[in-house]
Number of protein chains: 2
Amino acid sequence: MTQKNRMTPKAHFAEKLRLAGLRPTRQRVAIAALLLDGRHRHVTADSLTEEITTAGLHVSGGTVYNTLNQFTEAGLLRRVMVHNDYSLFDTNTDHHHHFYEAENDQLVDIPHDDVILAQLPAAPDGHEIKAVDVVIHIQSKNS
Amino acid sequence: MTQKNRMTPKAHFAEKLRLAGLRPTRQRVAIAALLLDGRHRHVTADSLTEEITTAGLHVSGGTVYNTLNQFTEAGLLRRVMVHNDYSLFDTNTDHHHHFYEAENDQLVDIPHDDVILAQLPAAPDGHEIKAVDVVIHIQSKNS
DNA sequence: ATCTAGTTTAAAATCATTCTAAAGAGCCTT
DNA sequence: AAGGCTCTTTAGAATGATTTTAAACTAGAT
């Protein structure tokens, strides 16, 4: 039974980081508090930096990138691949897919159950499937 | 009835470019001859530049990038999204999916029929589906 | 309180890709 | 085949996201 409710928010996120194998530094806890609060959204290094600034904090650029990568590595975030311009991270790590509208660089979650893969090929010899990503590219009808 | 076999290879690719709405310049024809010969493979700006050099030709870096983008725009190539490090292009523009092994940055085609999407969500209001990309991330079993 | 390995920092470095301005080449018209 | 107009190519500079660097700092164990 989790004692989440008895902990200060800070302690709660520090705990989460420890469980993920990450030393809970001041900046990692601050970023965790922003990204791992259960809300599902998509962030970039840039948008996260903005959030940090808005929260009255400061974390160096390099650390923002490192943290995003470490969180992803640790399974706390998921990297979404839709273009090559910059990295997108999803705070929802559950299995689900995406709509992507290139015109506005808009990414929208698709609930897991809305895509049914009736058949998948076997992974090549000596390999196993780690993840299946479905990206549905959409465009506005009058274009 | 195509007269493909009566044309010189050069004329054949020039024709292909014209049909795609691209002026058949020397460098575009050269690149078309390398990429649009029917063989299915994946290239990067870098690997293509190598091929060009190996063929004893020279095309400036900017033009390689421009051509890759224009061919993609024209539907002669397809951009594959698996990571954010650099762009990958597929000479196979038929509808098909991919296995991606991050360890070796290896991309493998999956025949169209090996993936069956039994159910797809409707596109958000005012939008239509342009393409559905399935990327199956794989890893070697002993890792 | 002390120590040490892991972290953060600001700034420099990297690297793929795009942009720029000038030189060159299709191609239509004569 | 010459002229001309626009689209292309070129080399090099510029951009921008991300990584690296080396030095200053901190979490957590002793």
Side-chain angles (χ1 to χ4, degrees), chain A residues 8 10-34 42-50 52-53 55 57-74 76-77 79-89 102 105, chain B residues 10-11 13-34 42-50 52-53 55 57-74 76-77 79-89 102 105:
Chain A
T8 69
K10 215 171 103 175
H12 168 62
F13 290 112
E15 181 61 19
K16 210 166 191 168
L17 290 174
R18 259 187 224 98
L19 287 173
L22 293 171
R23 184 192 287 189
T25 63
R26 187 159 21 79
Q27 8 316 59
R28 294 212 268 237
V29 171
I31 293 177
L34 289 171
H42 306 117
V43 302
T44 64
D46 230 47
S47 78
L48 173 55
T49 300
E50 256 183 55
I52 293 170
T53 303
L57 305 171
H58 175 77
V59 174
S60 79
T63 297
V64 169
Y65 280 103
N66 284 337
T67 305
L68 247 12
N69 288 334
Q70 292 153 354
F71 279 23
T72 302
E73 184 86 13
L76 300 174
L77 290 177
R79 194 185 294 265
V80 185
M81 231 59 90
V82 284
H83 62 215
N84 289 335
D85 300 333
Y86 46 82
S87 292
L88 269 172
F89 299 87
D105 188 25
Chain B
K10 215 171 102 176
F13 291 113
E15 181 60 19
K16 211 166 190 167
L17 290 173
R18 259 188 225 98
L19 286 174
L22 293 171
R23 185 189 287 190
T25 64
R26 187 158 23 78
Q27 7 317 59
R28 294 211 269 235
V29 171
I31 293 177
L34 289 171
H42 307 115
V43 302
T44 64
D46 230 48
S47 78
L48 173 55
T49 300
E50 257 183 53
I52 292 169
T53 303
L57 306 171
H58 175 78
V59 173
S60 80
T63 297
V64 169
Y65 280 102
N66 284 338
T67 305
L68 247 12
N69 288 334
Q70 292 153 354
F71 280 22
T72 302
E73 185 86 13
L76 301 174
L77 290 177
R79 195 185 292 266
V80 185
M81 230 59 91
V82 286
H83 62 216
N84 288 336
D85 299 335
Y86 47 81
S87 292
L88 268 171
F89 298 87
D105 188 25

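These numbers come from a predicted model, not from an experiment.
Put simply, CG on B:Asn84 is 14 Å from P on C:dA16, counting in whole angstrom units. Taking atom NE2 of residue A:His83 and atom P of nucleotide C:dA16, one finds them 18 Å apart after rounding to whole Å. For the pair A:Leu17 CG and C:dG6 P, the interatomic distance rounds to 17 Å; values are reported in whole Å.
With sequence neighbours excluded, no residue satisfies side-chain hydrogen bond (donor to acceptor under 3.5 Å, both in side chains) with B:His58. Evaluation of the salt bridge (charged side-chain N to carboxylate O under 4.0 Å, His left out) rule for A:Arg23 yields no partner, not counting sequence neighbours. Here A:Gln70 pairs with A:Arg28 under the side-chain hydrogen bond (donor to acceptor under 3.5 Å, both in side chains) rule; sequence neighbours left out. Partners of A:Asp105 under the side chain to side chain contact (heavy atoms under 4.5 Å, CB included) rule, at least two apart in sequence or in another chain, are A:His83, A:Tyr86, A:Tyr100. Evaluation of the side chain to side chain contact (heavy atoms under 4.5 Å, CB included) rule for B:Phe89 yields B:Val43, B:Leu68, B:Asn69, B:Thr72, B:Leu77, B:Arg79, B:Ser87 as partners, not counting sequence neighbours. Applying the side-chain hydrogen bond (donor to acceptor under 3.5 Å, both in side chains) rule to B:Thr53 yields no partners; only residues at least two apart in sequence or on another chain are considered. Every residue meeting the side chain to side chain contact (heavy atoms under 4.5 Å, CB included) condition with B:Ala20, not counting sequence neighbours, appears here in chain and number order: B:Ala74, B:Leu76.
If you walk DNA chain D from 5' to 3' and mark each nucleotide with an atom closer than 4.0 Å to a heavy atom of chain A, the marks span D:dA17 to D:dG28.
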Using a cut-off of under 3.5 Å, enumerate the N/O to N/O pairs linking the protein to nucleotides 20-27 of chain C.
none

Pairs under 3.5 Å (N/O, protein and nucleotides 10-15 of chain C):
{"residue": "C:dA10", "atom": "OP2", "partner": "A:His58", "partner atom": "NE2", "Å": "3.3"}

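Of all heavy-atom pairs spanning B:Pro24 and B:Leu17, the tightest one is CA-CD1, 4.0 Å.
Two end axes, each from the C1' atoms of five base pairs, can be drawn for the helix from C:dA1-D:dT30 to C:dT30-D:dA1; they diverge by 30°, to 10 degrees.
Contacts between residues 63-71 of chain A and DNA chain C, defined by a heavy-atom separation below 4.0 Å, involve A:Thr63, listed by number.
We find the CD1-CD distance between A:Ile31 and A:Gln27 to be 7.5 Å, quoted to the nearest 0.5 Å. Separation of atoms CD1 (B:Ile52) and OG1 (B:Thr67) is listed at 7.5 Å; rounding is to 0.5 Å.
Test A:Val82, A:Asn84, A:Leu88 against B:Asn84 for side chain to side chain contact (heavy atoms under 4.5 Å, CB included) and you get one pass: A:Asn84. When each of B:Thr44, B:Asp46, B:Thr49 is checked for a side chain to side chain contact (heavy atoms under 4.5 Å, CB included) with B:Val64, only B:Thr49 meets the rule.
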